[in-house]
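The next block holds one structure in the form of C-alpha cells; read it before the comments.
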There are 2 protein chains.
Amino acid sequence: MYSQSEENYLKAIYHLEESSEKGVSTSKLSEELQTKAASVTEMLKRLAEKKLVNYQKYYGVSLTPEGKSWALAIIRKHRLWEYFLVECLNFNWDEVHEVAEQLEHIQSKKLVEELDCFLGRPSFDPHGDPIPNAAGVLPEFKKRRLSEFKVGDTLICKGFSDASSSFLQFLDQHKIGLDTLVSIKSIQEFDESMLVKVRKSEIMLSKTATQNIFVEKNKESKIKEKV
Amino acid sequence: MYSQSEENYLKAIYHLEESSEKGVSTSKLSEELQTKAASVTEMLKRLAEKKLVNYQKYYGVSLTPEGKSWALAIIRKHRLWEYFLVECLNFNWDEVHEVAEQLEHIQSKKLVEELDCFLGRPSFDPHGDPIPNAAGVLPEFKKRRLSEFKVGDTLICKGFSDASSSFLQFLDQHKIGLDTLVSIKSIQEFDESMLVKVRKSEIMLSKTATQNIFVEKNKESKIKEKV
DNA sequence: TAAAATTTTTAGGCAAAGCTAAATAATTTT
DNA sequence: AAAATTATTTAGCTTTGCCTAAAAATTTTA
C-alpha cells in the first residue's frame with residue numbers, strides 16, 4: 001500500500017508527536033531519519049497529497065487520523081516481531097531492533113493477526129513498550145517499574161529498558177527474562193536496593209536495576225494472598 | 001547486500017536453470033518475472049558486473065558459484081518461512097507463497113539460523129520442496145510420494161503438492177497435515193487407491209491423492225518393526 | 001524594528017528499476 | 001543464401017527517494 005520509506009516517515013512523525021509538546025518540524029524529522037531537510041520537505045508534500053499528514057509550508061507537520069492509524073499498525077508489527085524474536089528465537093533485547101525495522105514492513109493482515117495470537121496477544125514488547133491492538137488502541141495500564149512495588153509483592157517481568165550489555169548479561173546470568181516471576185523479600189532503606197526471590201535463589205538488585213525492569217502484578221499471586 | 005529486485009532475478013535464474021536443459025534466455029526470464037525484456041537486459045548487465053552471473057549478449061545467462069549460493073540462501077529463507085507460516089500461524093499451503101516472497105528478503109543471519117532451529121531444522125517445506133541447509137546444500141533424499149509405498153509401511157507426511165482447494169479441505173477435514181503419521185492398511189489393485197490409518201480412523205485415498213502427498217519413512221516405526 | 005541567523009523550500013542532479021519504441025543480431029523459412 | 005521473423009539490446013523517458021547549492025521565509029537578536 002505505502003512504500004517502506006513512507007512508512008518510516010509516518011512512524012517517525014508519530015514518535016516525535018508523542019515525545020514533544022510542540023509540533024514536528026522538518027529539521028527534527030531530518031535528524032530522526034538521518035536524511036537532509038530537503039528530502040523531508042519533498043516527502044511531506046507527497047504524504048500530504050495522500051492525506052496521511054497535514055502539512056503547512058514552513059510550519060511543520062502532523063498526522064491525519066488515517067496517517068496515525070497507519071503508524072500504529074507499523075508500530076504494532078514492530079513490537080510483535082520484537083516479542084517474537086526474544087521469546088521464540090533467542091534474541092537479546094539489544095539485537096532485535098534492526099531486524100524488527102525490516103519485518104515491520106511486511107504486508108499481510110493474516111500474518112499479523114496470527115502472529116499476535118501465536119504469541120498470546122502480548123501487551124508490551126521486550127523493552128516495555130506497549131503494543132497497540134488490531135484496532136490501533138494502546139493498552140490502558142501503563143508500564144510499571146519493579147522499583148515502584150513493595151515487600152511481599154510478586155510480579156511478572158514484562159520488559160526491560162534499553163540498557164548496557166552488562167545489565168543484560170547480569171539478567172541473563174540470573175535467568176531473569178520475559179515472564180519470570182520475581183517476589184520482593186526486602187528493601188534496603190538507604191539505597192532502595194531490593195532482595196528478590198527468583199525461582200530457588202535470592203538476588204540483590206540495585207535501584208538502577210529495579211528501575212529498568214518492567215513488571216505486571218501476578219494474578220495468581222493475588223489468589224494465593226486471598227487463600 | 002543486494003536489492004530485492006536483484007535477489008528476485010537470482011532466484012528466477014536458479015529456478016529456470018533447474019527446470020530446463022537449455023540455458024536461461026532473456027525472454028524466459030522476462031516471462032518468469034513479468035517484466036519487459038529490455039528491463040531484464042539492463043539488470044543482467046548489472047548482475048554480471050557484480051559477478052553474480054555469467055552473461056553473454058544475445059546468448060543468455062547462468063549463475064556463477066557466488067550467484068548460486070546467494071540464490072540458495074534466498075530459497076532457504078523462503079521455504080523456512082513457508083514452513084513457519086503453516087506450522088505456527090495456521091496458514092494453508094496455498095496462502096503462504098505471497099507472504100514468503102516478502103519475508104525471504106529480510107537480512108539477518110541470526111534470524112534464519114534461529115528460525116531453522118526453532119522449527120526443528122525441517123528438510124522439506126509444506127509443498128514438499130527441499131530446504132537447503134545453511135551451507136546451501138539440499139537434502140540428499142529426494143521427496144517421495146505416498147503412492148510409492150506398500151502395505152505395512154508407516155510414514156510421516158512431509159508435504160503436499162500445490163493442489164485444488166478441495167483437496168486441501170479434504171486433508172484438513174481428516175486432520176492430515178505436516179508430520180501426521182499415516183500407515184498403509186491395504187491397496188486396491190484395480191485403481192491403486194489406499195486404505196490408510198490416521199490416528200484412530202481409517203481413510204480411503206485415491207491414487208490422485210496419494211501422488212500428491214509427500215512422505216518420509218518413520219524412523220520410530222523401523223524400530224518397532226525390529227522389536 | 002531592522003539586520004543577522006537559522007530554518008525551510010526550490011531547483012537541478014543522480015541512481016535504481018521499470019517502461020516504450022527503434023535498432024540490431026540471431027534464427028527460421030523459402 | 002537471401003528474406004522474413006523473432007529475440008535481444010540500445011536509447012530515451014518515468015518515478016521514487018535521495019543529494020547539494022541557492023533562494024526564500026521565519027525567527028532571533030541587537
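Here is how names work: the chains are called A, B, and so on, in the same order as the sequence lines, proteins then strands, and each is numbered from 1.
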- Message: Contact between A/Leu47 and A/Tyr55 at the side-chain level, heavy atoms closer than 4.5 Å - yes or no?
- Response: no
- Any side-chain heavy-atom pair of B/Ile74 and B/Trp70 under 4.5 Å: yes
- Message: For DNA chain C, which residues of residues 1-15 of chain B approach it to below 4.0 angstrom with any heavy atom?
- Response: B/Ser3, B/Ser5, B/Tyr9
- Query: Looking at B/Arg76 and B/Glu113, does any basic side-chain N land under 4.0 Å from a carboxylate oxygen?
  - Reply: yes
- Message: I want to check something: taking the side chain as every heavy atom from C-beta on, are B/Asp116 and B/Pro122 in contact at a cut-off of under 4.5 Å?
- Response: yes
- B/Ile75, B/Leu85, B/Leu119 screened by side chain to side chain contact (heavy atoms under 4.5 Å, CB included) with B/Leu80, the one that passes: B/Leu119
- Which parts of residues 21-46 of chain A get close to DNA chain D, meaning a heavy atom less than 4.0 angstrom away? A/Thr35, A/Lys36, A/Ala38, A/Ser39, A/Glu42, A/Met43, A/Arg46
- Query: Using rotation axes that map the C1' atoms of four end pairs onto the next four (five pairs an end), what angle separates the end axes of the helix from C/dT1-D/dA30 to C/dT30-D/dA1, to 10°?
  - Reply: 10°
- Task: Start with the C-alpha gap between A/Ile156 and A/Lys158, add the side-chain angles, then the distance that decides, and say whether side-chain contact (heavy atoms from CB on, under 4.5 Å) holds.
- Result: CA-CA 6 Å; A/Ile156 310 171; A/Lys158 284 296 174 188; 4.0 Å; yes
- Is the closest side-chain heavy-atom distance between B/Ser62 and B/Val24 below 4.5 Å? no
- Message: Quick one, A/Val215 and A/Val182 - any side-chain contact, counting heavy atoms below 4.5 Å?
- Response: no
- Task: Taking the side chain as every heavy atom from C-beta outward, state whether B/Phe91 and B/Val99 have any pair of such atoms under 4.5 Å apart.
- Result: yes
- Would you call B/Glu42 and B/Lys36 a salt bridge, taking side-chain N to carboxylate O under 4.0 Å as the test? no
- Query: According to the interplanar angle, ranging from 0 to 90°, do the rings of A/Phe167 and A/Phe170 count as parallel (below 30°), tilted (30 to 60°) or perpendicular (above 60°)?
  - Reply: parallel
- Item | Distance (rounded to the nearest 0.5 Å) between B/Arg46 CZ and B/Tyr2 OH | 14.0 Å
- Under-4.0 Å salt bridge between B/Glu32 and B/Lys11: no
- Message: Using a 4.0 Å cut-off on heavy atoms, which residues in residues 48-64 of chain A reach DNA chain C? List them by number, or say none.
- Response: A/Tyr55, A/Lys57, A/Tyr58
- Query: Among pairs that include at least one residue of residues 77-87 of chain B, which meet salt bridge (charged side-chain N to carboxylate O under 4.0 Å, His left out), considering only residues two or more places apart or in two chains?
  - Reply: B/Arg79-B/Asp125
- Query: Can a salt bridge be assigned to the pair B/Lys68 and B/Glu17 using a cut-off of 4.0 Å between side-chain N and carboxylate O?
  - Reply: no
- Message: Need two values: the first and the last nucleotide of DNA chain C, 5' to 3', having an atom under 4.0 Å from any heavy-atom of chain A.
- Response: C/dT8 to C/dT10
